[in-house]
Amino acid sequence: MRKPLKVLLVEDSEDDSMLLLRELRRSGFDVQSTRVDTREEMKAALDQTTWDVILSDYSMPNFSGLAALEVYQKECLDIPFIIVSGAVGEASAVEMMRAGAHDYLMKDNLTRLGAVIDRELRETEVRHQRKLAEQALRLNQFAVDHASQAITWVDENLSMVYMNDETAALLGYSRDELIGSKVWDYISDLSYDAWIEVWQEVKQSNTKNYETSIRCKDGSQRYVDINVNFVNFEGRELLITFSRDITEQKLAENQLKTLNRALRVISECNQALIRANEENDLFKDICRIIVDYGGYRFAWIGYVL
């Protein structure tokens with residue numbers, strides 16, 4: 001399925017614009033685009049609609065990449081701004097990056113374009129999530145309390161300092177029971193030391209995604225997809241986690257793996273039956289197949305008397 005993408009092209013060459021659009025479609029995007037090559041046209045395009053990404057040439061007869069970046073910044077936008085040029089030198093590219101551009105590519109090597117946009121869109125989404133979390137703090141947790149996703153705040157001591165009702169419902173505890181408890185008490189595969197590593201890693205990269213299992217109050221185990229974000233709110237360092245219950249999905253995946261493994265064992269046993277000349281050799285082959293393909297530690301065959 002193609003990914004929808006609205007692109008504002010700051011480009012004076014129609015031919016170069018067609019090359020960019022062709023590469024984006026080759027990369028799996030369903031592209032809607034507008035081309036501009038003056039300050040006035042760019043401002044008008046930004047006023048008329050919302051864009052996912054801006055691709056700007058560096059040097060144009062009536063405009064420049066640096067001028068386009070200034071327009072972008074005055075609009076206070078938070079979308080990827082990428083320089084795509086055939087004439088930008090290394091010093092100019094560094095200048096653009098320092099000024100606020102997210103990346104740059106050369107027109108004679110556009111094979112990275114799709115990957116660069118994918119990466120920048122993901123990072124933009126992470127920034128948006130983090131800003132939403134920070135706004136929730138400032139709004140006295142109103143947004144968090146009414147979110148459909150399980151959201152939890154963890155302090156530098158790895159204590160849960162706040163969570164919404166979705167988190168409490170997922171774990172089966174009341175919010176009062178969870179406040180002040182240690183986050184690793186509920187994550188099956190992350191110890192205290194592992195959480196310290198997560199803290200340091202997220203502090204460096206600002207975000208981390210992983211799948212894990214959690215222990216609920218009733219002793220059951222559920223699987224979640226967690227996005228962990230690092231924020232510094234009024235001088236206090238916090239981790240904010242967004243958790244999505246994927247238990248049904250994981251159980252379906254495990255069931256499918258079990259069925260596939262069973263089918264493989266049956267198929268291999270059928271082949272062994274065809275090849276067998278002696279009963280004892282057949283039994284040995286079947287036991288080996290059950291261990292090798294079935295994933296069991298041992299197998300034996302006996303007669304019922």
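Only this structure's heavy atoms are used, side chains among them; waters, hydrogens and symmetry mates stay out.
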- For the atom pair CZ (Phe81) and CG (Asp103), what is the distance rounded to the nearest 0.5 Å? 12.0 Å
- Message: Is a donor from one side chain sitting under 3.5 angstrom from an acceptor on the other, for Thr111 and Asn109?
- Response: yes
- Report whether Leu251 and Ile226 are members of the same hydrophobic cluster (ILVMFWY, side-chain heavy atoms less than 4.5 Å apart, transitive linking). no
- Do you know which two heavy atoms are closest between His102 and Arg119, and how far apart they sit? O-NH2, 4.4 Å
- At their closest point, which heavy atom of Ser56 faces which heavy atom of Met60, and how far apart are they? OG-CE, 4.5 Å
- Of all heavy-atom pairs linking Leu8 and Met42, the shortest is CD2-CG, 4.3 Å
- So how far is it from Ile117 CD1 to Ile82 CD1, rounded to the nearest 0.5 Å? 5.0 Å
- Query: Are Arg25 and Arg22 close enough that some pair of their side-chain heavy atoms sits under 4.5 Å apart?
  - Reply: no
- Message: Distance check, rounded to the nearest 0.5 Å: Lys107 atom NZ versus Leu20 atom CG?
- Response: 7.0 Å
- Beyond-backbone contact of Thr124 with Asp52, side-chain heavy atoms, under 4.5 angstrom: no
- Task: May I ask you to decide if Pro80's main-chain N or O and Tyr72's side chain share a donor-acceptor pair within less than 3.5 Å?
- Result: no
- How far does CG of Asp16 sit from CG of Leu55, to the nearest 0.5 angstrom? 12.0 Å
- Query: In this structure, are over 12 heavy atoms from other groups packed under 6.0 Å from Met97 atom CE?
  - Reply: yes
- Message: Do Met96 and Tyr58 make a side-chain contact, defined as non-hydrogen atoms from C-beta onward lying under 4.5 Å apart?
- Response: yes
- Can you tell me how far the OG atom of Ser159 sits from the CG atom of Leu178, to the nearest 0.5 Å? 12.0 Å
- Find out whether Trp300 and Phe283 are in side-chain contact, i.e. whether some heavy atom of one side chain is under 4.5 Å from a heavy atom of the other. no
- Query: Between Cys216 and Arg222, which heavy-atom pair has the shortest distance, and what is it?
  - Reply: SG-CG, 3.9 Å
- Query: Given the rule that I, L, V, M, F, W and Y join up when any side-chain heavy atoms are under 4.5 Å apart, are Leu77 and Phe63 in one cluster?
  - Reply: yes
- Glu268/Arg264 ion pair, N-O < 4.0 Å: yes
- Item | Residue of the set Thr152, Leu171, Thr167 for which side chain to side chain contact (heavy atoms under 4.5 Å, CB included) holds with Tyr186 | Leu171
- Interatomic distance, CG@Leu69 vs CD1@Ile54, rounded to 0.5 Å, equals 9.0 Å
- Message: Same cluster or not: Leu263 versus Tyr293, using hydrophobic residues (I, L, V, M, F, W, Y) connected whenever any side-chain heavy atoms lie under 4.5 Å apart?
- Response: no
- Message: To check you understand the geometry: which heavy-atom pair defines the closest contact between Ala299 and Val291, and what is its length?
- Response: N-CG2, 4.0 Å
- Note on the structure: Taking every heavy atom of Ser213 against every heavy atom of Gln221, the minimum-distance pair comes out as OG-NE2, 3.3 Å
- Item | Within 45° cone of Tyr162 ring axis and under 6.0 Å: Arg175 NZ or CZ | yes
- Between Glu253 and Gln249: side-chain donor-acceptor atoms closer than 3.5 Å: yes
- Indicate whether any N or O donor in one side chain lies under 3.5 Å from an N or O acceptor in the other, for Glu11 and Ser17. no
- Message: side-chain hydrogen bond (donor to acceptor under 3.5 Å, both in side chains) for Asp176 and Ser174? Distances and angles first, verdict last.
- Response: CA-CA 5 Å; Asp176 288 341; Ser174 70; 5.2 Å; no
